[in-house]
Amino acid sequence: MPELPDVAGFQAYFEDHAVGNTIEHVTVLDSRVLTDVTPQSLGKRLHNAQVTTTNRHGKYLFVGTSADNGWLVLHFGMTGYLEHYQENEDPPKQTNVIFTFTNGAHIAYVNQRRLGEVTWADTVATFVEARELGPDALSDTLSPRQFADRLAHHRGMLKSALMNQSIVAGMGNEWADETLFQCGLPPKTSLANLKPDDCEQIARTAQRILRTGMRARCKSRPLPKHYLNAHRHKDDKCPKCGTDLTTVKVAGRTTFYCPKCQQ
DNA sequence: CGGGCCTCCTGGTAGC
DNA sequence: TGCTACCAGGAGGCCC
């Protein structure tokens with residue numbers, strides 16, 4: 001579930017609660033969320049480290065500190081989120097990792113289904129390369145034209161391509177559906193049926209809605225009323241025309257769409 | 001290369 | 001009421 005807009009929200013949250021603060025220790029409650037690090041190595045790297053900066057690429061959040069040249073990396077899978085709490089409070093249920101600061105506050109990495117990870121990267125660039133991630137969907141240097149070109153180098157279904165992190169990083173099921181909805185395209189639209197200009201329009205729409213989504217998540221404002229996002233429920237209706245929404249499996253994912261607006 | 005399916009993982013819920 | 005089966009989906013792996 002956490003896609004680019006949500007992770008951008010987590011980034012702002014981490015910034016607000018941690019930048020300038022020093023990590024006293026790291027408590028790993030479930031080491032299954034760790035990849036390529038042990039609780040010991042993670043603890044050692046972050047002990048007495050002051051959080052200096054954060055970064056994001058697609059659905060990955062990076063946390064930089066003064067103590068090491070590397071980055072703490074957080075991925076949220078489908079159910080992950082962060083929660084800040086004070087010294088005298090208990091961590092949320094399903095907490096997997098706790099970052100405790102010298103001021104007594106904590107940030108919990110919570111992930112009920114554990115389809116995410118906590119890991120380490122020497123640099124953001126090497127991590128992005130190692131994981132074969134495409135450019136971030138909202139990168140300043142990714143024009144709609146370039147975004148479209150990357151889509152056009154693939155065949156198959158548009159939705160698959162939008163969710164493929166190696167093409168462009170950041171979109172998941174929900175925002176891919178939003179893109180298709182805002183473009184008025186049926187869920188099973190194939191890239192073979194799209195012209196370069198269509199792809200550019202899709203890219204432009206994708207970037208626009210992700211930007212809007214990001215602002216909404218970072219400032220906890222509701223999304224525009226004509227967005228599909230808040231209506232992804234059984235028996236809900238199209239926010240544009242009121243028609244009953246339909247679901248279909250595309251690329252293995254439940255796809256919500258309006259049978260009238262998306263033909 | 002793309003699609004389909006499986007795995008990981010847990011809690012909510014539909015159905016018997 | 002209580003059990004089981006299924007579903008949610010990000011991502012990697014496997015086979016066709």
> Does any N or O donor sit under 3.5 Å from an N or O acceptor when you compare the side chain of A:R113 with the base of C:dA8?
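Flag set: donor-acceptor pair detected.
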> For residues A:Q50 and A:G20, report the shortest heavy-atom separation together with the two atoms involved.
NE2-O, 2.8 Å
> Within 45° of the ring axis of A:Y257 and under 6.0 Å from its six-membered ring centre, is that where the NZ or CZ of A:K188 lies?
no
> Is there a side-chain contact between A:Q165 and the phosphate of C:dG12, meaning an N or O under 4.0 Å from OP1 or OP2?
no
> Expressed in angstrom and rounded to an integer, what is the separation of A:F256 atom CZ from C:dA8 atom P?
8 Å
> Counting only distance, no hydrogens or angles, is the base of C:dA11 paired donor-acceptor with the side chain of A:R253 under 3.5 Å?
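Indeed, a donor on one side and an acceptor on the other fall under 3.5 Å apart.
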> Starting at CE of A:M163 and ending at P of C:dA11, how long is that distance when rounded to a whole Å?
10 Å
> Specify the separation, in whole Å, of atom NZ of A:K234 and atom P of B:dT13.
13 Å
> Output the rounded distance in Å from CZ (A:R32) to P (C:dG10).
20 Å
> Choose from C:dG12, C:dA8, B:dT10 the nucleotide whose nearest atom is closest to any side-chain atom of A:Y60.
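Selected nucleotide: C:dG12.
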> Among B:dG4, C:dA8, C:dG10, find the nucleotide with the atom closest to the side chain of A:M157.
B:dG4
> Looking at residues at least two apart in the chain, or sitting in another chain, which of them share a salt bridge (Lys or Arg N to Asp or Glu O under 4.0 Å) with A:D236?
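Scan of A:D236 (salt bridge (Lys or Arg N to Asp or Glu O under 4.0 Å), adjacent residues dropped) gives none.
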> Which is true for A:G252 with a 4.0 Å heavy-atom rule: it touches a base, it touches only sugar-phosphate, or it touches nothing?
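Since no nucleic acid heavy atom lies under 4.0 Å of A:G252, the category is nothing.
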> Between A:N164 (CG) and C:dG13 (P), how many Å, whole number?
14 Å
> Reckon A:T79 has a side-chain N or O less than 4.0 Å from the OP1 or OP2 of C:dA8?
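Checking C:dA8 against A:T79, no side-chain N or O comes under 4.0 Å of OP1 or OP2.
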> Of the candidate nucleotides C:dG10, B:dG2, B:dC9, which contains the atom at the shortest distance from the side chain of A:H75?
C:dG10
> Over how many whole Å does the gap from A:H233 atom NE2 to C:dA8 atom C1' extend?
13 Å
> Given B:dG3, B:dT10, C:dG10, which nucleotide is nearest the side-chain atoms of A:K59?
C:dG10
> Donor-acceptor pair, A:T119 side chain versus A:T35 backbone, under 3.5 Å?
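Between the backbone of A:T35 and the side chain of A:T119 there is a qualifying donor-acceptor contact (under 3.5 Å).
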> Under 4.0 Å between a side-chain N/O of A:H154 and OP1 or OP2 of B:dG2, yes or no?
yes
> What nucleotide among C:dA8, B:dT10, B:dG3 has an atom nearest to a side-chain atom of A:Q112?
B:dT10
> Identify, between A:R131 and A:M78, the residue whose nearest nucleotide on DNA chain C lies closer to the 5' end.
A:M78
> Would you mind reading off the distance between A:D30 atom CG and B:dC9 atom P, rounded to a whole angstrom?
9 Å
> Would A:Q11 and A:T54 count as having a side-chain donor-acceptor pair, cut-off 3.5 Å?
yes
> Kindly list each side-chain donor-acceptor pair under 3.5 angstrom involving residues 69-82 of chain A, sequence neighbours excluded, with atom names and distances?
residue: A:H75; atom: ND1; partner: A:G77; partner atom: N; Å: 3.1
residue: A:T79; atom: OG1; partner: A:N111; partner atom: OD1; Å: 2.7
residue: A:T79; atom: OG1; partner: A:R113; partner atom: N; Å: 3.0

> Students often get this wrong, so: under 4.0 angstrom with heavy atoms, is A:K249 touching a base, only sugar-phosphate, or nothing?
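The answer is sugar-phosphate, as A:K249 gets under 4.0 Å only of primed atoms, P, OP1 or OP2.
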> Between atom CG in A:D36 and atom P in C:dG12, what is the gap in whole Å?
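To the nearest whole Å, that distance equals 12 Å.
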